[in-house]
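Counting begins at 1 with the first residue of the sequence. Each ligand, and each atom within it, is numbered from 1 in the order the structure gives. Keep in mind it's a predicted model, so treat the numbers as computed, not measured. Heavy atoms only: backbone and side chains are in, while hydrogens, waters and symmetry mates are out.
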Amino acid sequence: MSKVYVLDHPLIQHKLTYIRDKNTGTKEFRALVDEVSALMAFEITRDLPLEETTIETPVMEAKTKVISGKKIGLIPILRAGLGMVDGMLRLIPAAKVGHVGLYRDPETLTPTEYYIKLPSDIEERDLIVIDPMLATGGSANDAIHSLKKRGATNIKLMCLIAAPEGVEVIQKEHPDVDIYLGALDEKLNEKGYIIPGLGDAGDRLFGTK
Ligand code: PRP
Ligand code: URA
C-alpha cells in the first residue's frame with residue numbers, strides 16, 4: 001500500500017491558511033502556491049540518493065556529497081498543476097517537465113485527457129505528478145495510468161490539499177505511488193469540491209471563473 005505523508009512544516013501550514021482564505025487575491029494566491037510548492041519540493045526530495053565526491057576547499061581536500069545523478073521529471077496536471085512548477089524548479093532546476101492536460105466534467109466529475117507531452121526517457125526518471133487538488137482522485141488516477149502506459153515505473157504524487165476519497169482511489173489503483181500532501185481535509189461536498197479546501201484551484205490561480 002502506498003504511503004501518505006502530510007508535510008506539516010509550520011511554514012507550509014501557515015501559507016496554506018492564506019491560500020485557503022477566500023479574501024486572498026490572484027496575485028498573492030499564485031505567489032503562495034509557488035512558495036508552498038518549493039517548501040514541499042524540499043521535503044519530497046529528502047530521500048534522493050547521495051554519492052561521495054572529493055573537492056578542494058580553500059583550506060584542504062575534503063570528501064563531501066552530491067546527489068548521485070538522479071534524473072527527475074515533474075509532471076504538472078494542467079491547468080492548476082502549472083502553478084506549482086516554478087517553485088519546484090527553484091529547488092530541482094535540472095528536472096525535465098512533462099505535461100498532462102485533464103479537465104473534470106463539472107456534472108459527472110470524470111476527467112478527460114486533452115493533452116500529453118512527456119520527456120522521451122520517462123522510464124528512467126523519478127516522476128513527481130503535481131496538482132494542487134486531489135478531490136475524487138479521478139484526474140491524478142488517469143494521469144498516473146497514462147504515465148505508466150508510456151513506461152513510467154517510479155512515480156510520486158504531490159498535492160497541496162487532498163480529500164480522503166481521492167487518497168483512497170490512488171492507494172487502491174496505484175499502491176506503488178506514495179502521496180505527499182500539504183493537508184488532508186475532511187471530505188468532498190456534493191459538487192466534488194474539497195471541504196474546507198480552497199475552492200477551484202485553477203480559477204484562483206489564473207483569475208478565471
Ligand atoms: C482540478 C484540479 C485537479 C482536479 C481534481 O482541475 O486541479 O486536476 O480538479 O479533481 P479530481 O481529483 O476530482 O479529479 P480541473 O479539472 O478543475 O481543471 P483546471 O486545472 O483546468 O482548472
Ligand atoms: N478541483 C478544485 O480545484 N478544487 C476542489 O475542491 C476540487 C477539485
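Listed for the Arg204 side chain is a donor-acceptor partner under 3.5 Å among the backbone atoms of Ile19.
A salt bridge is defined here as a Lys NZ or Arg NE, NH1 or NH2 lying under 4.0 Å from an Asp or Glu carboxylate O, and Asp86 with Arg30 fails to meet this definition. Residues Arg104 and Asp200 are not paired through a salt bridge, judged by the lack of any N-O separation under 4.0 Å between the basic side chain and the carboxylate. Salt bridge annotation for Glu124-Lys71: present, with a cationic side-chain nitrogen under 4.0 angstrom from a carboxylate oxygen. With salt bridges taken as basic N to acidic carboxylate O contacts below 4.0 Å, none links Lys149 and Asp142.
Ring centroid separation for the pair His174 and His145 comes in under the 6.0 Å cut-off.
The side chain to side chain contact (heavy atoms under 4.5 Å, CB included) test with Leu160 singles out one residue from Leu32, Leu7, Leu134, Leu16, and that residue is Leu16.
Of all the heavy atoms in Ala152 and Leu127, the pair that sits closest is CB-CD1, 3.5 Å. The two residues Leu102 and Pro111 make their nearest non-hydrogen contact at CD2-CB, 4.4 Å.
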Which protein N or O atoms sit under 3.5 Å from any N or O of ligand 1? Give atom names and distances.
unit_1, atom_1, unit_2, atom_2, d
ligand 1, 7 (O), Asp131, OD1, 2.8
ligand 1, 8 (O), Asp131, OD2, 2.4
ligand 1, 12 (O), Ala135, N, 2.8
ligand 1, 12 (O), Thr136, N, 3.1
ligand 1, 12 (O), Gly137, N, 2.8
ligand 1, 13 (O), Arg104, NH1, 2.7
ligand 1, 13 (O), Thr136, N, 2.9
ligand 1, 13 (O), Thr136, OG1, 2.5
ligand 1, 14 (O), Ser139, N, 2.9
ligand 1, 14 (O), Ser139, OG, 2.6
ligand 1, 16 (O), Arg104, N, 2.9
ligand 1, 20 (O), Arg79, N, 3.0
ligand 1, 20 (O), Ala80, N, 3.0
ligand 1, 21 (O), Arg79, N, 3.3
ligand 1, 21 (O), Arg79, NE, 3.1
ligand 1, 22 (O), Arg79, NE, 3.4
ligand 1, 22 (O), Arg79, NH2, 3.0

What does the contact table look like for ligand 2 (nitrogen or oxygen on each side, cut-off under 3.5 Å)?
unit_1, atom_1, unit_2, atom_2, d
ligand 2, 3 (O), Ala201, N, 2.8
ligand 2, 4 (N), Gly199, O, 2.8
ligand 2, 6 (O), Ile194, N, 2.8

